[in-house]
Enquirer: 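Before anything else, here's the structure in question.
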Amino acid sequence: MIMNKEYDFNNIIAHFLIDGELLGCERYGEGHINDTFRITVGQGEKSVHYILQRINHRLFTDVDKLMHNIGLVTEFCRNSVEREGGDPMRECLNIVRTREGKAYYFDGSNYFRVYVFIENATTYQTVRHSRDFYESAVAFGKFVRLLADFDASQLYELLPNFHNTKVRYADFLRAVEKDSCNRRAEIAGEIDWVIAHKDLCGRIVDKLDSGEIPFRVTHNDTKLNNVMLDDATGKGIAVIDLDTVMPGSLCYDFGDSIRFGCSSAAEDEPDLSKVFFRYELYETYLRGYLHAVGDCITKEELENLPIGAIVITYECGMRFLTDYLEGDIYFRTTRPKQNLDRARTQFKLVEDMLLVFDKMCKTVEEVCHVTGAREQSILSA
Ligand code: ADP
Ligand code: GN1
Ligand code: MG
């Protein structure tokens with residue numbers, strides 16, 4: 001019988017449409033949200049892998065709605081991949097259902113789901129070579145293309161206002177006001193900095209509200225470690241970790257990849273002299289992204305990609321600072337002041353990007369010419 005301290009895997013797996021004998025189960029990957037395991041099942045001569053996840057139901061309190069969203073998006077993706085002549089078993093997540101036809105199993109205290117395992121592919125935590133970053137951009141751009149005709153209003157907004165920077169700012173001000181852990185005085189400089197840059201809050205949200213930028217299905221966690229790169233070819237094959245798919249703006253998704261991937265240092269680097277915006281990686285990502293989205297992007301979205309990168313980085317820093325003020329209750333921390341360090345790295349990146357903002361916009365135009373993405377609309381703008 002295969003068990004660990006917490007879970008009886010034989011019993012869990014028996015509820016899913018998986019034939020064969022469970023041979024092994026090990027923790028897998030470095031995700032921060034769910035508990036992920038790779039299971040091995042013997043089927044005759046061969047052994048087959050699956051991904052088993054215990055869903056974080058403290059964050060995602062309505063698992064029915066969560067799996068409704070993922071079910072719709074994966075099904076749509078699969079059909080699009082098939083239409084493009086790709087391999088749907090490898091280029092999107094595939095849910096393995098329970099014997100009752102459900103997308104998850106509840107054992108009385110925990111929720112579990114199973115995905116088909118994408119073999120011979122890896123997720124990376126940092127940009128090792130610019131080529132990996134290019135390939136991740138191609139994968140996220142392809143995600144936009146595959147879902148371009150998806151009606152985002154079918155999705156539940158599971159984490160309301162997740163990327164509503166104005167609401168995040170109001171939350172921040174409330175945390176400053178409350179100062180529940182007496183940390184306000186120590187970070188007066190950072191608080192002033194956030195307030196001085198508050199005009200950034202509406203730069204994307206206002207355009208979404210006015211309809212200038214469309215709501216689409218967005219991923220909302222477009223970090224490098226949520227793309228699988230093929231071990232043999234290095235190509236980006238699938239975007240994974242669909243827990244936060246919700247209606248939103250493509251500019252935030254693009255921006256979050258830039259925020260995370262174009263930093264010279266880790267998100268929580270305490271030494272700010274090591275943290276700077278790597279412009280060449282921004283260009284690299286843009287090339288891959290625009291090549292893959294083709295004309296599935298509007299002129300307004302294109303124009304707002306650079307500000308999207310700045311606003312999401314500002315928002316993320318503000319969320320870290322809010323959590324620091326509230327006593328580190330949201331983001332997992334492993335040492336004191338980690339959230340403060342995280343906030344500071346984000347603010348440094350915002351300052352770097354603001355200095356080169358005009359150049360960032362020019363690069364979008366230049367890359368459009370090369371890739372042909374929306375060339376007409378940019379040229380006639
Ligand atoms: P979290 O939300 O905790 O970040 P993820 O869904 O991103 O969890 O999964 C964690 C890790 O498990 C991923 O980084 C990846 O390495 C691996 N993984 C997830 N889904 C698959 C899959 N279908 N095939 C192969 N590996 C996967
Ligand atoms: C969280 O768990 P992880 O690291 O994938 C957060 C993101 C932040 C990110 C910052 C559901 O993502 O919004 O950008 O940390 N996810 C959630 O590293 O809040
Ligand atoms: Mg992940």
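Each ligand, and each atom within it, is numbered from 1 in the order the structure gives. Heavy atoms only: backbone and side chains are in, while hydrogens, waters and symmetry mates are out.
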Enquirer: Note the single closest protein heavy atom to atom 11 (C) of ligand 2, along with its residue, its atom name and the distance in Å.
Expert: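 I find the closest protein heavy atom is Y330 OH, 3.6 Å.
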Enquirer: Could you tell me whether H163 and ligand 2 have an N or O pair separated by under 3.5 Å?
Expert: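 In this structure, H163 places no N or O atom under 3.5 Å from an N or O of ligand 2.
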Enquirer: Think R168 forms a cation-pi with F172, using NZ or CZ under 6.0 Å from the six-ring centre and within 45 degrees of its axis?
Expert: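 No; the conditions do not both hold, so R168 does not lie above the ring face of F172.
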Enquirer: Does ligand 2 have an atom that lies less than 4.0 angstrom from a heavy atom of F260?
Expert: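 It does not; every heavy atom stays at 4.0 Å or beyond.
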Enquirer: If the threshold is 4.0 Å, N to carboxylate O, is there a salt bridge linking E100 and K102?
Expert: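 Salt bridge between E100 and K102, a charged N being under 4.0 Å from a carboxylate O: no.
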Enquirer: Would you mind listing which atoms of ligand 2 come within a distance below 4.0 Å of any non-hydrogen atom of F320?
Expert: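 Heavy-atom distances to F320 below 4.0 Å select 10 (C).
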Enquirer: For the residue pair M246 and F162, establish whether any side-chain heavy-atom pair is separated by less than 4.5 Å.
Expert: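 Contact flag for M246/F162 side chains = yes.
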Enquirer: Under a 4.0 angstrom heavy-atom cut-off, which atoms of ligand 2 come close to K223?
Expert: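 In order of numbering, the contacting atoms are 3 (P), 4 (O), 5 (O), 9 (C), 10 (C), 12 (O), 18 (O).
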Enquirer: Sort out for me which residue in T165, T222, N304 forms a side-chain hydrogen bond (donor to acceptor under 3.5 Å, both in side chains) with Y252.
Expert: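 Running side-chain hydrogen bond (donor to acceptor under 3.5 Å, both in side chains) over T165, T222, N304 with Y252 returns exactly one hit, T165.
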Enquirer: Among Q338, R342, K337, which residue meets the side-chain hydrogen bond (donor to acceptor under 3.5 Å, both in side chains) test with D268?
Expert: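 Testing D268 for a side-chain hydrogen bond (donor to acceptor under 3.5 Å, both in side chains) against Q338, R342, K337 leaves exactly one candidate, Q338.
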Enquirer: Put together the list of close N/O pairs, under 3.5 Å, between ligand 1 and the protein, could you?
Expert:
| unit_1 | atom_1 | unit_2 | atom_2 | d |
| --- | --- | --- | --- | --- |
| ligand 1 | 2 (O) | N34 | ND2 | 3.2 |
| ligand 1 | 2 (O) | D241 | OD1 | 3.1 |
| ligand 1 | 2 (O) | D241 | OD2 | 2.9 |
| ligand 1 | 3 (O) | H32 | N | 3.4 |
| ligand 1 | 3 (O) | I33 | N | 3.0 |
| ligand 1 | 3 (O) | N34 | N | 2.9 |
| ligand 1 | 4 (O) | D241 | OD2 | 3.0 |
| ligand 1 | 6 (O) | Q53 | NE2 | 3.0 |
| ligand 1 | 7 (O) | N226 | OD1 | 3.2 |
| ligand 1 | 7 (O) | D241 | OD2 | 3.0 |
| ligand 1 | 9 (O) | Q53 | NE2 | 3.3 |
| ligand 1 | 14 (O) | T123 | OG1 | 3.3 |
| ligand 1 | 16 (O) | T123 | OG1 | 2.8 |
| ligand 1 | 23 (N) | V116 | O | 3.1 |
| ligand 1 | 24 (N) | I118 | N | 2.9 |

Enquirer: Looking at K207 and E300, is any side-chain nitrogen of the basic one under 4.0 Å from a carboxylate oxygen of the acidic one?
Expert: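 No, no charged N to carboxylate O under 4.0 Å.
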Enquirer: Is there a side-chain contact between F140 and V227 (heavy atoms, below 4.5 Å)?
Expert: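 A side-chain contact under 4.5 Å exists here.
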Enquirer: Heavy atoms, side chains only, cut-off 4.5 Å: are I95 and V114 in contact?
Expert: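 I95 vs V114: side chains apart.
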Enquirer: Please identify which atoms of ligand 2 are closer than 4.0 Å to at least one heavy atom of I33.
Expert: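 Here the atoms of ligand 2 in question are 2 (O).
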Enquirer: Mind checking whether Y289 and F254 have ring centres under 6.0 Å apart?
Expert: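 Ring centres of F254 and Y289 closer than 6.0 Å.
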Enquirer: Below 4.0 Å, non-hydrogen atoms only: which portion of L59 touches ligand 2? Side chain, backbone, both or neither.
Expert: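 Near ligand 2, L59 shows its side chain, while the N, CA, C and O stay back.
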Enquirer: Which one holds for F60 and ligand 2: side chain close, backbone close, both close, or neither close, with close meaning a heavy atom under 4.0 Å?
Expert: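 Contact part for F60 vs ligand 2: neither.
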Enquirer: Do any N/O atoms on N220 end up under 3.5 angstrom from N/O atoms on ligand 2?
Expert: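 No.
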Enquirer: Is there a donor in the side chain of D221 and an acceptor in the side chain of T244, or the other way round, less than 3.5 Å apart?
Expert: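 Checked: D221/T244 side chains show no N/O donor-acceptor pair below 3.5 Å.
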Enquirer: In terms of residue, atom name and distance, what is the protein heavy atom nearest to atom 16 (N) of ligand 2?
Expert: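 Ranking protein heavy atoms by distance from atom 16 (N) of ligand 2, first comes F162 CZ, 4.1 Å.
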Enquirer: Kindly indicate whether the side chain of L72, heavy atoms from C-beta on, has any atom under 4.5 Å from the side chain of F76.
Expert: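 L72 does not reach F76 side chain to side chain.
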Enquirer: Out of the candidates N110, N34, D107, only one should pair with R54 under the side-chain hydrogen bond (donor to acceptor under 3.5 Å, both in side chains) rule; please name it.
Expert: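 For R54, the side-chain hydrogen bond (donor to acceptor under 3.5 Å, both in side chains) check succeeds only for N110.
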Enquirer: Can you find a heavy atom in the side chain of F16 that is under 4.5 Å from one in the side chain of R97?
Expert: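 With C-beta onward as the side chain, the pair stays apart.
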Enquirer: Specify the protein heavy atom at minimum distance from atom 5 (O) of ligand 2: its residue, its atom name, and the distance to 0.1 Å.
Expert: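 The protein heavy atom lying closest is D221 OD2, 2.7 Å.
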Enquirer: Starting from atom 8 (C) of ligand 2, what is the nearest protein heavy atom, named by residue and atom, and what distance separates them?
Expert: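 So the nearest neighbour among protein heavy atoms is R319 NH1, 3.9 Å.
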Enquirer: Just to the nearest 10 degrees, tell me the angle at the Mg ion (ligand 3) spanned by N226 OD1 and D241 OD2.
Expert: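 Seen from the Mg ion (ligand 3), OD1 and OD2 are separated by roughly 80°.
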Enquirer: Would T244 count as being in polar contact with ligand 2, using the rule that some N or O on each side must be under 3.5 angstrom apart?
Expert: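 No - when backbone and side-chain N and O of T244 are compared with those of ligand 2, no distance drops under 3.5 Å.
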Enquirer: Provide the closest heavy-atom pair for V96 versus L17 in the form atom of the first, atom of the second, distance.
Expert: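 Minimum heavy-atom contact is CG1-O, 3.8 Å.
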Enquirer: Please say whether N226 places an N or O atom under 3.5 Å from an N or O atom belonging to ligand 2.
Expert: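 Between N226 and ligand 2 (N or O atoms, distance only) the closest approach is not under 3.5 Å.
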Enquirer: Between R113 and D243, is there a side-chain N and carboxylate O pair less than 4.0 Å apart?
Expert: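 Salt bridge between R113 and D243, a charged N being under 4.0 Å from a carboxylate O: yes.
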Enquirer: Please compare R259, R342, E315 and report which has the shortest non-hydrogen distance to atom 14 (O) of ligand 2.
Expert: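 Ranked by closest heavy atom to atom 14 (O) of ligand 2, first place is R259.
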Enquirer: Hey, is there an N, O or S on N34 sitting under 2.8 Å from the Mg ion (ligand 3)?
Expert: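 No N, O or S atom of N34 is closer than 2.8 Å to the Mg ion (ligand 3), so no.
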Enquirer: Got the closest protein heavy atom to atom 15 (O) of ligand 2, with its distance?
Expert: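 For atom 15 (O) of ligand 2, the nearest protein heavy atom is F331 CE2, 3.6 Å.
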